[in-house]
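Keep in mind that the numbers below use all heavy atoms, side chains included, and drop hydrogens, waters and symmetry copies.
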Amino acid sequence: MIEKINNLLNIFLKFVLGYGLLVIILFIFGVLTPEFGPRGLLLDIDLDNKIDKLSSGSNIKQFFWLTVFSLYSLLFIKGYVCSLNDYIKSFLIFMLPLLFIISSSLSSDYSFLSLKRGVFQILFIHCVILSTYSAYKEGTFHKSITISILFFLGFSLLAIVNGTAFNLNGAFAGINFSKNRFCINMTGLLILYVFSCHVSGNKANLKIVFLSVLLIVLSLGKTIILAGLLLTPILFINKKTFTIQRINYIILFVGFFTFILYPYVTHLFFTFDSVANYMDPSSLTGRGTIWSLVYESLILFDKFNFGFGYGTFFNTPVVPFLFDIEYSFLPYVTTTHNGFIDLLSQVGFYGTLACFFVVFAAIKNSSNPSGQIFCFFLLVHNLTESSLFKDQHSMMFILIIITCFNCIVKNRSNENFQG
């Protein structure tokens with residue numbers, strides 16, 4: 001009896017080592033919790049984000065991540081996943097932003113909530129790093145990604161059969177609550193699939209690529225579709241990684257200067273100014289108003305340096321002071337709709353600077369064209385939405401994987417050089 005239990009345990013642990021990453025992907029992208037209900041329209045992005053935040057305390061989610069954390073930590077301690085040196089190299093890249101995220105809870109009016117969400121980020125990054133190294137070591141990385149995208153596509157097509165795949169405007173939402181979430185999930189998974197093909201030496205299945213692109217177009221996600229239209233001619237003209245890398249540097253630095261550095265400097269030394277002052281309040285579906293009020297909140301409560309606390313500007317029991325306007329859409333807003341401003345509101349100028357060093361490192365170290373393409377979509381997406389250091393966000397998940405593989409490639413180069 002004991003021998004049978006040991007055999008079953010060994011089989012289970014072997015599955016975790018080889019396909020734990022697959023289970024994590026299915027959970028993050030919504031395959032394990034598909035949404036086959038009716039789709040909303042008004043503020044569906046914000047409501048989708050609110051559902052995520054409310055679910056951050058759900059028993060299912062806590063049980064899942066604590067279980068994954070325990071299993072991979074145990075396997076890591078026993079030496080089955082990767083060496084301590086490999087893990088440290090990957091985790092150190094995220095160390096400084098995580099320190100700011102945790103310390104930001106000290107300046108938050110909801111310290112425990114902020115700390116709780118910060119600790120979750122540590123668990124999340126820890127699990128993704130170990131599962132990525134484990135799948136790479138076991139030779140199941142590409143297979144895990146391929147199975148994931150097939151499941152995601154299959155369930156999305158099932159939603160069509162079920163009659164719940166489209167919202168009332170005719171935009172495709174698949175198995176996710178909103179068409180915007182589906183669009184970014186499908187785009188991220190497609191890039192991750194192509195990335196896995198490159199690193200494993202396999203050819204991408206054109207049927208998978210075509211169907212994925214078709215569903216992205218049907219989702220009517222304006223930001224992602226526009227990014228794709230901008231990137232396509234660039235790839236046709238010059239497919240070199242260096243070309244996309246330079247474009248990524250430009251977007252990163254222009255974005256940081258426009259949304260973070262310029263407002264911060266004018267606040268300290270001159271009359272405050274920001275891009276929101278030059279926007280019509282209703283432009284970009286109300287983003288002009290939202291961005292302006294976030295900046296005003298940072299000034300009013302003197303939070304420009306260290307923010308309101310990670311995860312506690314929005315999504316707390318109380319609506320932010322300047323957003324609490326009766327008969328307005330503002331009390332329903334739960335995101336800044338800009339990755340730069342979103343981080344600024346939570347962890348302040350210095351924390352945001354630390355977070356964007358992670359993106360800078362990903363751009364600098366990615367020798368794989370798919371890695372640079374992902375960084376391009378990540379940056380463009382964060383001009384109108386938020387995904388960096390977000391609670392269990394698919395784009396943040398892929399950024400961690402790209403970072404891990406950059407470390408793997410670097411280790412290989414060092415080993416070959418020494419050899």
Side-chain angles (χ1 to χ4, degrees), residues 24-31 33-35 39-41 43-53 55 124 128 145 148-149 151-153 155-156 159 165-167 169 171-195 208-209 211-231 248 251 255 284-285 287 334-343 359 362 370-402:
I24 290 175
I25 294 173
L26 296 178
F27 186 78
I28 289 175
F29 285 79
V31 177
T33 54
E35 177 60 62
R39 300 301 193 272
L41 288 176
L43 295 174
D44 64 347
I45 305 174
D46 296 292
L47 292 174
D48 192 24
N49 188 62
K50 178 166 282 189
I51 286 172
D52 283 346
K53 290 299 181 183
S55 69
F124 176 62
V128 176
I145 305 301
S148 299
I149 195 170
F151 265 107
F152 191 80
L153 289 170
F155 273 63
S156 298
F166 295 87
N167 66 21
N169 275 347
F172 192 83
I175 60 172
N176 298 130
F177 180 80
S178 72
K179 57 102 173 177
N180 298 282
R181 177 57 62 91
F182 174 83
C183 183
I184 196 63
N185 281 350
M186 187 74 262
T187 302
L189 202 49
L190 175 59
I191 295 173
L192 188 58
Y193 170 68
V194 176
F195 176 83
I208 292 177
V209 174
L211 181 57
S212 299
V213 173
L214 176 62
L215 294 182
I216 290 169
V217 173
L218 290 175
S219 71
L220 305 179
K222 299 180 185 67
T223 303
I224 295 300
I225 293 174
L226 177 61
L229 292 174
L230 291 172
L231 187 61
N248 287 337
I251 298 173
L284 296 174
T285 58
R287 284 173 174 80
T334 58
T335 172
T336 61
H337 294 281
N338 180 289
F340 298 81
I341 300 174
D342 194 62
L343 284 171
V359 183
S370 301
Q372 293 295 341
I373 291 172
F374 166 74
C375 290
F376 175 82
F377 276 98
L378 176 71
L379 290 168
V380 173
H381 176 256
N382 274 275
L383 295 176
T384 59
E385 296 300 336
S386 310
S387 56
L388 284 170
F389 289 90
K390 291 286 280 188
D391 182 34
Q392 196 181 275
H393 200 287
S394 57
M395 296 299 272
M396 185 62 197
F397 167 75
I398 299 172
L399 178 62
I400 300 169
I401 290 180
I402 298 291

Do other residues, nucleotides or ligands put more than 12 heavy atoms under 6.0 Å from F377 CZ?
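Yes, the 6.0 Å shell around CZ holds more than 12 heavy atoms from other groups.
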pair [X]-[Y]: side-chain heavy atoms closer than 4.5 Å:
X: M186; Y: I216; answer: yes
X: I28; Y: Q392; answer: yes
X: M395; Y: I184; answer: yes
X: F172; Y: C183; answer: no
X: S212; Y: Y193; answer: no
X: L214; Y: L218; answer: yes
X: S219; Y: L215; answer: no
X: F152; Y: I25; answer: no

Return yes if some donor-acceptor pair links the side-chain N/O of [X] with the main-chain N/O of [Y] below 3.5 Å, else return no.
X: N248; Y: Q372; result: yes
X: N169; Y: A171; result: no
X: K179; Y: L220; result: yes

Taking the ring of F374 and the ring of F195, is the distance between their centroids below 6.0 Å?
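Not under 6.0 Å, so no.
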Within the 3.5 Å criterion, strictly below it, is a donor on S387 or N382 matched to an acceptor on the partner's side chain?
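Side chains of S387 and N382: pair found under 3.5 Å.
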Could you walk me through whether T336 and S386 pass the side chain to side chain contact (heavy atoms under 4.5 Å, CB included) test, one step at a time?
CA-CA 7 Å; T336 61; S386 310; 3.6 Å; yes
One pair to check against side chain to side chain contact (heavy atoms under 4.5 Å, CB included): V213 and L190. What are the steps and the verdict?
CA-CA 8 Å; V213 173; L190 175 59; 3.9 Å; yes
Once the angle between the rings of H393 and H381 is folded into 0 to 90°, is it parallel (under 30°), tilted (30 to 60°) or perpendicular (over 60°)?
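Because their plane-to-plane angle lies in the 30° to 60° range, the rings of H393 and H381 count as tilted.
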Once you measure the plane-to-plane angle for F124 and F397, does it fall in the parallel (<30°), tilted (30-60°) or perpendicular (>60°) bin?
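Taking F397 first and then F124, their aromatic rings sit tilted (interplane angle of 30° to 60°).
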Does the distance from a Lys or Arg side-chain N to an Asp or Glu carboxylate O, for K222 and E385, drop under 4.0 Å?
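Salt bridge absent between K222 and E385.
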Separation of I175 CD1 from T33 OG1 (nearest 0.5 Å)
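If I round to the nearest 0.5 Å, the distance is 7.5 Å.
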Per the side-chain contact (heavy atoms from CB on, under 4.5 Å) rule, which among D342, L399, L379 passes with L388?
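It is L399; the other options fail the test.
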